Every structure is written in structure tokens, then in C-alpha cells.
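Accompanying notes for the structure given below.
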Amino acid sequence: MTAMASHRLQEAVFHALKHDETVSAQMCGIYDEPPTGARFPYLAMGDTNITVQDLKDREGVQITFDVTLWSDEPSQMQVKELMAHTDAVLHEADLALVGFDLVYLRLANAGVIRQWNEQGSLYRGRLSYTALVYAL
């Protein structure tokens, strides 16, 4: 049950982000794993953790997952704007999960990190979400 709940949640998150006009218009790609040489800016799924949250009569899981946004602009502003638009789509979203009931989806924390590469600096924005999901 736990792996399938995480799988269904990721499908719903991808669908919501790819079909949001604001997010999709600002990204060069939305990926599970970005391809080598992916153009900036882009969004990629990050780490996922699953904790069993069974009730007496229902199987459930708490899923924490990261959405990572990458920008090669020379300031943090683009990645922060992308984070805001992404969170507008996901925070408290009422996503349909096949075979599961999504109780809530909430932003737990976020951050921006500056990283260096051969061309200069990159900015990585991380949005960490928590979802509570029960089997139907």
C-alpha cells in the first residue's frame, strides 16, 4: 500500500504542475529525473519519505517529498518566483489519487541554496511537502 500511495501522489503532483499554465509556461521542463543538459529553469522531484499512519480500520501513510527548482539566473529572484508559483498549485491542493483519499497536502518548509558550477552560480529552490493519504 505504501509504495503505491506514493506513486499515485507523484502522478497527481506531476499532472497538476504540468497542466498549470503559469508553472508550465515558466519552466523549460518538469521532470522526475532531469536529463543531462536540461535547460534552465526546470523543476525536478526530490527525495521522498513514507511513514505508516494506519488507523484501526484504515491503512494510511504520511508522505514527505521535495520539489526542487533550478535556475541559472544571476540572482535568487527567479527561483523564488518559481517556488511561489509552484506552491500556489500544490499547497492544500485537492488532488485526485486513484484508489486513495488525500486528506491534506501542505508545505512543510522551503529553502534556497546557491551552488557553483563551471559557468558560475546556480540557485536551487526546495519545497518540502507533507501529505496524509489513506487507502479507499
Side-chain angles (χ1 to χ4, degrees):
M1 188 304 244
T2 56
M4 186 53 72
S6 177
H7 174 80
R8 295 293 185 217
L9 179 61
Q10 184 172 331
E11 286 178 334
V13 166
F14 261 75
H15 184 268
L17 293 171
K18 281 191 173 270
H19 290 90
D20 182 83
E21 291 180 16
T22 302
V23 171
S24 62
Q26 293 181 339
M27 303 286 179
C28 291
I30 298 174
Y31 307 108
D32 180 13
E33 176 68 29
T36 301
R39 291 183 29 232
F40 296 99
Y42 65 83
L43 181 150
M45 295 302 290
D47 294 339
T48 300
N49 293 293
I50 302 168
T51 305
V52 174
Q53 295 288 318
D54 290 348
L55 299 175
K56 186 175 183 178
D57 61 342
R58 291 179 84 182
E59 291 183 341
V61 291
Q62 179 177 344
I63 303 166
T64 57
F65 67 93
D66 292 345
V67 174
T68 308
L69 299 115
W70 291 89
S71 170
D72 63 349
E73 288 293 310
S75 82
Q76 298 180 36
M77 296 313 293
Q78 182 184 46
V79 79
K80 287 181 177 179
E81 183 177 326
L82 296 171
M83 290 168 67
H85 291 302
T86 300
D87 186 51
V89 174
L90 295 181
H91 186 73
E92 296 291 343
D94 186 20
L95 303 177
L97 279 63
V98 177
F100 297 93
D101 177 28
L102 175 63
V103 178
Y104 63 77
L105 175 61
R106 296 183 183 137
L107 180 66
N109 60 65
V112 175
I113 296 172
R114 185 178 191 179
Q115 294 185 223
W116 299 94
N117 69 8
E118 302 80 36
Q119 291 79 35
S121 62
L122 299 174
Y123 286 96
R124 176 173 49 106
R126 180 195 40 78
L127 299 165
S128 292
Y129 290 90
T130 301
L132 183 60
V133 178
Y134 286 103
L136 290 178

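Both backbone and side-chain heavy atoms feed into the values below; hydrogens, waters and symmetry mates do not. The chain is numbered in sequence order, starting from 1. Keep in mind the model is a prediction, meaning the values are calculated, not measured.
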### Task
State, with a plain yes or no, whether a side-chain heavy atom of L90 is found less than 4.5 Å away from one of L127.
no

### Query
Only one of L132, I63, V133 forms a side chain to side chain contact (heavy atoms under 4.5 Å, CB included) with Q53, so which one is it?
L132

### Message
By the salt bridge (charged side-chain N to carboxylate O under 4.0 Å, His left out) test, which pairs, at least two apart or in different chains, include something from residues 74-94?
### Response
E92-R106

### Query
Is the number of heavy atoms from other residues, nucleotides or ligands within 6.0 Å of CD (E21) greater than 12?
no

### Summary
Contacts of D20 meeting side chain to side chain donor-acceptor pair (under 3.5 Å) (sequence neighbours excluded), chain-then-number -> none

### Task
Supply the atom-to-atom distance L82 CG to L43 CG, rounded to the nearest 0.5 angstrom.
8.5 Å

#### Entry: Listed partners of S75 passing side-chain contact (heavy atoms from CB on, under 4.5 Å), at least two apart
M77

### Query
Hey, does F40 have a side-chain heavy atom less than 4.5 Å from the side chain of L122?
yes

#### Entry: All ring-ring contact (aromatic ring centres under 6.0 Å, His included) counterparts of H15, not counting sequence neighbours
H19

### Donor-acceptor contact present, side-chain D54 to main-chain G60, <3.5 Å
yes

### Task
Drop me the distance from H85's NE2 to L17's CG, to the nearest 0.5 angstrom.
12.5 Å

### Message
When you compare the side chain of V61 with that of T51, does any pair of heavy atoms fall below 4.5 Å?
### Response
no

### Task
State, yes or no, whether a side-chain contact exists between P74 and S121 at a heavy-atom distance under 4.5 Å.
no

### Residues in salt bridge (Lys or Arg N to Asp or Glu O under 4.0 Å) contact with R58, at least two apart in sequence or another chain
D101

### Task
Could you pull out all residues at least two apart from R8 that satisfy side-chain contact (heavy atoms from CB on, under 4.5 Å)?
M4, E11, L97, V98, F100

### Query
Heavy atoms, side chains only, cut-off 4.5 Å: are T64 and T48 in contact?
no

### Summary
The remaining residues in the hydrophobic cluster of I113, counting side-chain heavy-atom contacts under 4.5 Å among Ile, Leu, Val, Met, Phe, Trp and Tyr, are none

### Message
Can you list everything that forms a side chain to side chain donor-acceptor pair (under 3.5 Å) with Q78? Sequence neighbours excluded, please.
### Response
S71

### Message
Is any side-chain heavy atom of Q62 closer than 4.5 Å to one of T130?
### Response
yes

### Task
Sorted by first residue and then second, give each salt bridge (charged side-chain N to carboxylate O under 4.0 Å, His left out) pair with at least one member in residues 123-133; sequence neighbours left out.
none

### Task
Any ring-ring contact (aromatic ring centres under 6.0 Å, His included) involving residues 43-69? Give me the pairs, sequence neighbours left out, ordered by first then second residue.
F65-Y129

### Message
Once side-chain contact (heavy atoms from CB on, under 4.5 Å) is applied, do any residues pair with P35, and if so which ones, sequence neighbours excluded?
### Response
Y31, A38

### Task
Would you indicate whether the side-chain heavy atoms of I30 and V23 approach each other to under 4.5 Å?
yes

### Query
By side-chain contact (heavy atoms from CB on, under 4.5 Å), which residues pair with D32, not counting sequence neighbours?
Q10, F14, M45

### Message
Nearest 0.5 angstrom please: L136 CG to E59 CD, how far?
### Response
11.5 Å

